[in-house]
Peer 1: 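Please find one structure pasted underneath; my questions will follow.
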Amino acid sequence: MKFFDLSLYLVTDSEGFTESEFLRKVEQALKSGVTLLQLREKNKSGREYYELARKVKKIADACRVPLLIDDRADIALAVDAAGVHLGADDLPVDKARALMGADKIIGATAKTVGAAAAAQAAGADYLGVGAIYPTATKVKTVLTGIDTLSAICRAVNIPAAAIGGLNAENIDVLRGSGAAGICVVSAIMRSSEPGAAVRALRARVEKILPPAHRRPFRPETYL
């Protein structure tokens with residue numbers, strides 16, 4: 001049975017870091033309460049992406065956090081990641097499901113109710129919806145309003161996580177939206193203290209978002 005917790009979902013950004021700095025930030029974040037991890041590398045070759053994914057998978061396994069690979073089902077399968085996250089320009093969800101099988105987690109980006117329903121019908125396990133706010137990452141994006149996020153959450157029966165410029169100071173905007181979690185990049189990766197950033201985010205998430213898809217965090221499990 002697949003089980004995953006979207007409540008505090010870290011999407012990585014290694015730009016500007018040495019590999020050791022990057023891996024250390026990821027490990028600190030996972031040990032501090034991140035519930036799901038996505039390795040996102042837009043500018044690496046397939047070989048570079050694979051090699052980094054192997055190292056991140058080792059950390060994720062030690063911290064018992066599922067690892068998803070952004071865009072690349074082949075890399076996800078090659079490192080036996082928990083799954084893949086697919087954008088609108090990536091492999092179609094149904095093709096990825098056929099390739100990866102029923103047990104892998106497949107997420108899809110959706111910015112409209114129609115796209116969300118189509119992703120669910122194609123076999124997606126969850127949705128990433130946004131950007132809620134402008135983002136500092138270099139990924140091209142279009143803003144998605146809270147009204148659209150709420151409409152998506154009402155229209156599908158798979159969980160959705162909000163993404164885009166979210167941090168501990170502004171996530172109250174998600175209260176009542178139906179979102180099962182938040183995806184965070186800069187608020188953790190650009191923090192000088194990623195562990196503290198995770199703990200602050202987790203405290204806010206537990207007050208704002210519904211517990212239906214959330215697991216209790218037990219630090220002793222990780223340390």
Side-chain angles (χ1 to χ4, degrees), residues 1-6 8-31 34-110 115 118-128 130 137-141 158-161 163 181 183-185 188-189 194 215 221-222:
M1 177 179 176
K2 279 182 286 192
F3 181 85
F4 56 96
D5 180 344
L6 284 171
L8 185 47
Y9 178 168
L10 172 60
V11 180
T12 67
D13 176 8
S14 66
E15 189 166 326
F17 301 118
T18 65
E19 185 176 280
S20 61
E21 289 171 340
F22 170 71
L23 295 175
R24 187 164 57 250
K25 277 184 175 278
V26 169
E27 184 174 25
Q28 290 173 354
L30 298 191
K31 285 182 173 178
V34 163
T35 60
L36 191 63
L37 174 66
Q38 180 190 140
L39 179 64
R40 183 166 72 182
E41 296 294 335
K42 299 292 187 186
N43 300 314
K44 290 192 182 314
S45 68
R47 176 63 69 91
E48 291 170 336
Y49 201 174
Y50 166 73
E51 294 294 347
L52 186 60
R54 288 179 56 241
K55 296 172 184 175
V56 173
K57 172 72 162 41
K58 187 174 181 181
I59 295 170
D61 285 352
C63 295
R64 304 182 186 182
V65 176
L67 170 66
L68 308 181
I69 302 296
D70 186 56
D71 295 348
R72 298 284 297 269
D74 58 338
I75 301 290
L77 288 170
V79 300
D80 192 25
V84 68
H85 184 89
L86 301 169
D89 297 328
D90 300 326
L91 188 67
V93 170
D94 60 339
K95 302 303 180 189
R97 177 62 70 202
L99 181 67
M100 301 183 73
D103 292 338
K104 294 294 187 184
I105 300 167
I106 297 181
T109 299
Q120 176 179 265
D125 294 299
Y126 76 91
L127 302 170
T137 65
K138 294 186 176 181
V139 178
K140 291 184 294 184
T141 192
I158 55 176
I163 189 170
C183 305
V184 175
V185 186
I188 294 174
M189 296 304 300
R215 283 189 300 179
T221 301
Y222 304 96

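Note that the structure is predicted; figures quoted are calculated from it, not measured.
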Peer 1: Can you name the side chain to side chain contact (heavy atoms under 4.5 Å, CB included) partners of Ile163, sequence neighbours left out?
Peer 2: Val11, Cys183

Peer 1: Show your reasoning for whether side chain to side chain contact (heavy atoms under 4.5 Å, CB included) applies to Val185 and Arg40.
Peer 2: CA-CA 10 Å; Val185 186; Arg40 183 166 72 182; 3.7 Å; yes

Peer 1: Not counting sequence neighbours, which residues clear side chain to side chain contact (heavy atoms under 4.5 Å, CB included) with Gln120? List them please.
Peer 2: Val156, Asn157, Ile158

Peer 1: In Å and rounded to the nearest 0.5 Å, what is the CD1 to NZ distance from Ile59 to Lys25?
Peer 2: 13.5 Å

Peer 1: Report the C-alpha separation of Tyr49 and Leu39 in whole Å, then their side-chain angles, then the decisive distance to 0.1 Å, and conclude whether the side chain to side chain contact (heavy atoms under 4.5 Å, CB included) test is met.
Peer 2: CA-CA 9 Å; Tyr49 201 174; Leu39 179 64; 3.8 Å; yes

Peer 1: Let me confirm one number: the CD1-CG distance from Ile188 to Leu10, rounded to the nearest 0.5 Å.
Peer 2: 4.5 Å

Peer 1: Can you list the steps and then say if Phe4 with Leu68 is a side chain to side chain contact (heavy atoms under 4.5 Å, CB included)?
Peer 2: CA-CA 11 Å; Phe4 56 96; Leu68 308 181; over 6 Å; no

Peer 1: For Arg24, check salt bridge (charged side-chain N to carboxylate O under 4.0 Å, His left out) against everything at least two apart and list the hits.
Peer 2: none

Peer 1: Strictly distance-based, threshold 3.5 Å: is any side-chain N or O of Lys57 a donor or acceptor partner for the main-chain N or O of Ala81?
Peer 2: no

Peer 1: Which donor-acceptor pairs under 3.5 Å do side chains of residues 85-94 form with protein atoms, sequence neighbours excluded?
Peer 2:
from  : atom 1 : to     : atom 2 : distance (Å)
His85 : ND1    : Tyr126 : OH     : 2.8
His85 : NE2    : Thr109 : OG1    : 2.8
Asp90 : OD2    : Gly87  : N      : 2.5

Peer 1: Could you give the distance from CG (Asp70) to CD1 (Ile75), rounded to the nearest 0.5 Å?
Peer 2: 11.5 Å

Peer 1: Applying salt bridge (charged side-chain N to carboxylate O under 4.0 Å, His left out), name anything that partners Glu48, two or more places apart in sequence or on another chain.
Peer 2: none

Peer 1: Quick one: which residue pairs count as a salt bridge (Lys or Arg N to Asp or Glu O under 4.0 Å) with a foot in residues 71-84, not counting sequence neighbours?
Peer 2: Lys42-Asp71, Arg72-Asp74, Asp80-Lys104

Peer 1: With sequence neighbours excluded, what pairs up with Thr12 under the side-chain hydrogen bond (donor to acceptor under 3.5 Å, both in side chains) test?
Peer 2: none

Peer 1: Among residues at least two apart in sequence or on other chains, which ones pass side chain to side chain contact (heavy atoms under 4.5 Å, CB included) with Ala98?
Peer 2: none

Peer 1: Closest approach of Ile106 and Ala96, non-hydrogen atoms and distance?
Peer 2: CD1-C, 3.7 Å

Peer 1: What residues, two or more places apart in sequence or in another chain, satisfy salt bridge (charged side-chain N to carboxylate O under 4.0 Å, His left out) together with Lys58?
Peer 2: none

Peer 1: Taking all heavy atoms of Gly16 and all of Glu21, pick out the closest pair and write down the distance.
Peer 2: O-OE1, 4.4 Å

Peer 1: Which residues pass the side-chain hydrogen bond (donor to acceptor under 3.5 Å, both in side chains) test with Ser20, not counting sequence neighbours?
Peer 2: Thr18

Peer 1: With sequence neighbours excluded, what pairs up with Ala60 under the side chain to side chain contact (heavy atoms under 4.5 Å, CB included) test?
Peer 2: Leu30, Leu37, Leu67

Peer 1: What is the minimum heavy-atom distance between Ala82 and Pro66, and which atoms define it?
Peer 2: CB-CB, 3.8 Å

Peer 1: Could you tell me which residues satisfy salt bridge (charged side-chain N to carboxylate O under 4.0 Å, His left out) with Glu19, sequence neighbours excluded, listed by chain and number?
Peer 2: Lys55

Peer 1: Can you find a pair of side-chain heavy atoms, one from Thr35 and one from Leu6, that are under 4.5 Å apart?
Peer 2: no

Peer 1: Hey, are Arg97 and Asp125 close enough for a salt bridge, meaning a charged N less than 4.0 Å from a carboxylate O?
Peer 2: yes

Peer 1: Counting C-beta onward and ignoring hydrogens, is there a side-chain heavy-atom pair between Met189 and Phe22 closer than 4.5 Å?
Peer 2: yes

